[in-house]
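Worksheet: one structure, shown below.
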Amino acid sequence: MSIDQFSKGGAGQPKLKRQTLTQAVESRLRSEIIQGVYEPGTMLSEPVLSSELGVSRSPVREALLILERDGIVEFDERGRTRVATMTAADFEDLYLLRLAVEPMVAVHAAAQATSADYAALEANMKAMQNTKTLAEISLLDMEFHDLLVASSRRSRLIATWRSLRPSLELWLAALHRRHEQITGRVKEITIDSHQELINTLRSGDGASIEKLMRGHIEGWYQWLPEMNELS
């Protein structure tokens with residue numbers, strides 16, 4: 001359903017709540033920012049976005065407030081909106097937070113994951129193999145980690161992950177774009193590393209999966225010198 005359809009509605013159908021329209025705008029903008037349609041530092045004008053999306057300014061403003069809360073956009077002192085520009089220090093903070101959370105999550109996932117969890121992870125891998133675009137790879141990469149975290153059954157760890165997710169999603173897509181330029185092998189690298197994680201999870205060896213997940217995350221740190229080029 002298009003944003004125009006959200007805003008107009010059909011005859012005889014119940015009116016959609018404003019929040020539904022706000023969510024449609026927020027989802028569209030989030031996706032375009034993550035995919036690099038709007039690069040870091042790009043100004044986002046409410047009137048322009050309103051015209052382009054065919055909606056009033058109110059849902060655009062509400063959507064931008066949600067994105068600002070998640071660290072995707074920033075407001076300056078005059079209230080103007082721009083796509084967030086993150087630094088190498090921001091990236092390092094995310095790296096350290098992932099390092100604190102995900103190895104622990106993986107240990108619990110190895111003990112708690114069900115056959116349904118593994119089926120979902122394998123389905124994610126199959127979808128990854130069939131991807132045609134880098135945006136799809138980034139989306140499925142995040143989904144893989146969402147599934148793994150959820151399989152831990154640890155509510156506080158899951159909540160912590162969710163608080164990090166918006167910034168991680170933004171950075172992961174940027175990293176993928178950068179590394180595809182350098183290696184041309186983002187898809188293969190991601191598939192290989194995720195398959196290794198699944199295999200080790202299935203073994204139920206907590207020490208091994210913790211070590212492997214730590215190494216998986218530390219691979220990010222090797223990319224840190226390049227992050228200045230993304231800001």
Side-chain angles (χ1 to χ4, degrees), residues 1-91 93-94 127-128 130-143 145-146 161-181 186-187 226-231:
M1 180 178 289
S2 71
I3 291 177
D4 285 342
Q5 289 172 299
F6 271 116
S7 60
K8 295 176 182 177
Q13 295 185 7
K15 293 182 179 179
L16 294 172
K17 295 180 180 178
R18 176 175 296 281
Q19 184 61 23
T20 304
L21 181 55
T22 296
Q23 288 175 335
V25 175
E26 178 266 325
S27 178
R28 166 83 169 266
L29 291 176
R30 184 187 297 269
S31 176
E32 291 182 345
I33 290 170
I34 288 171
Q35 292 177 31
V37 175
Y38 298 110
E39 296 183 352
T42 301
M43 297 296 297
L44 298 174
S45 164
E46 284 184 21
V48 172
L49 290 174
S50 174
S51 176
E52 290 178 348
L53 298 175
V55 299
S56 69
R57 291 179 61 175
S58 184
V60 172
R61 185 179 307 111
E62 291 166 3
L64 291 174
L65 286 170
I66 295 171
L67 294 173
E68 190 270 340
R69 180 198 64 197
D70 286 345
I72 305 298
V73 305
E74 302 168 332
F75 298 126
D76 65 19
E77 66 281 357
R78 296 176 60 183
R80 295 175 302 185
T81 312
R82 69 178 71 239
V83 177
T85 299
M86 300 172 72
T87 66
D90 295 320
F91 177 84
D93 287 346
L94 289 172
M128 177 80 75
N130 294 327
T131 54
K132 303 297 183 183
T133 68
L134 199 58
E136 291 176 302
I137 294 170
S138 298
L139 181 67
L140 287 167
D141 194 344
M142 281 303 305
E143 180 186 85
H145 287 273
D146 287 340
W161 166 260
R162 287 174 178 167
S163 72
L164 300 175
R165 193 188 190 285
S167 294
L168 285 171
E169 187 174 31
L170 182 64
W171 267 102
L172 184 63
L175 286 168
H176 280 171
R177 289 195 296 272
R178 175 61 177 158
H179 271 261
E180 185 65 15
Q181 292 172 358
V186 166
K187 179 176 177 176
E226 300 167 11
M227 292 307 97
N228 283 320
E229 298 179 31
L230 294 176
S231 60

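Just so it is clear, the structure is predicted and the values come from calculations on it, not from any experiment.
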Heavy atoms of other groups near Arg162 CZ, more than 12 under 6.0 Å:
no
Sidechain-backbone polar pair: Thr131 side chain, Ala127 backbone, donor-acceptor under 3.5 Å:
no
Hey, are the side chains of Pro166 and Arg30 touching, using non-hydrogen atoms and a 4.5 Å cut-off?
yes
Atom pair NE2 (His176) and CD (Gln35), whose distance is rounded to the nearest 0.5 Å
13.5 Å
Here the gap from Glu136 atom CD to Asn130 atom CG, rounded to the nearest 0.5 Å, amounts to 9.5 Å
Test side chain to side chain contact (heavy atoms under 4.5 Å, CB included) on Ile72 and Glu169 and set out the steps.
CA-CA 10 Å; Ile72 305 298; Glu169 187 174 31; over 6 Å; no
Check against side chain to side chain contact (heavy atoms under 4.5 Å, CB included), Ile33 and Leu44
CA-CA 11 Å; Ile33 290 170; Leu44 298 174; 4.2 Å; yes
Would you say Glu180 and Ile137 make side-chain contact, with heavy atoms under 4.5 Å?
no
Roughly how far apart are Trp171 CH2 and Ser138 OG, rounded to 0.5 Å?
13.5 Å
Apply side chain to side chain contact (heavy atoms under 4.5 Å, CB included) to residues Leu175 and Phe91 and explain how you reach the verdict.
CA-CA 10 Å; Leu175 286 168; Phe91 177 84; 3.4 Å; yes
Find the distance between CE (Met86) and CG (Asp93) and round it off to the nearest 0.5 Å.
8.5 Å
Any Arg28 side-chain heavy atom under 4.5 Å of Val25 side chain:
no
Kindly give the heavy-atom pair with the smallest separation between Leu64 and Phe75, and that separation in Å.
O-CZ, 3.9 Å
Does CD in Glu39 sit with more than 12 non-hydrogen atoms of other residues, nucleotides or ligands closer than 6.0 Å?
no
Is there a donor-acceptor pair closer than 3.5 Å between any side-chain N or O of Arg82 and the backbone N or O of Gly41?
yes
Out of curiosity, Asp146 CG to Asp141 CG, how far, rounded to the nearest 0.5 Å?
10.0 Å
How long is the straight-line distance from OG of Ser56 back to CG of Leu21, given to the nearest 0.5 Å?
6.5 Å
Verify whether one side chain among Thr87 and Asp90 offers a donor that lies under 3.5 Å from an acceptor in the other.
yes
Can you check side chain to side chain contact (heavy atoms under 4.5 Å, CB included) on Glu26 and Leu67, steps first, answer last?
CA-CA 7 Å; Glu26 178 266 325; Leu67 294 173; 4.0 Å; yes
Answer whether the closest heavy-atom distance between the side chains of Gln181 and Arg178 falls below 4.5 Å.
yes
Donor-acceptor contact present, side-chain Ser50 to main-chain Val55, <3.5 Å:
yes
What's the shortest heavy-atom distance between Ala173 and Ile34, and which atoms?
CB-O, 3.1 Å
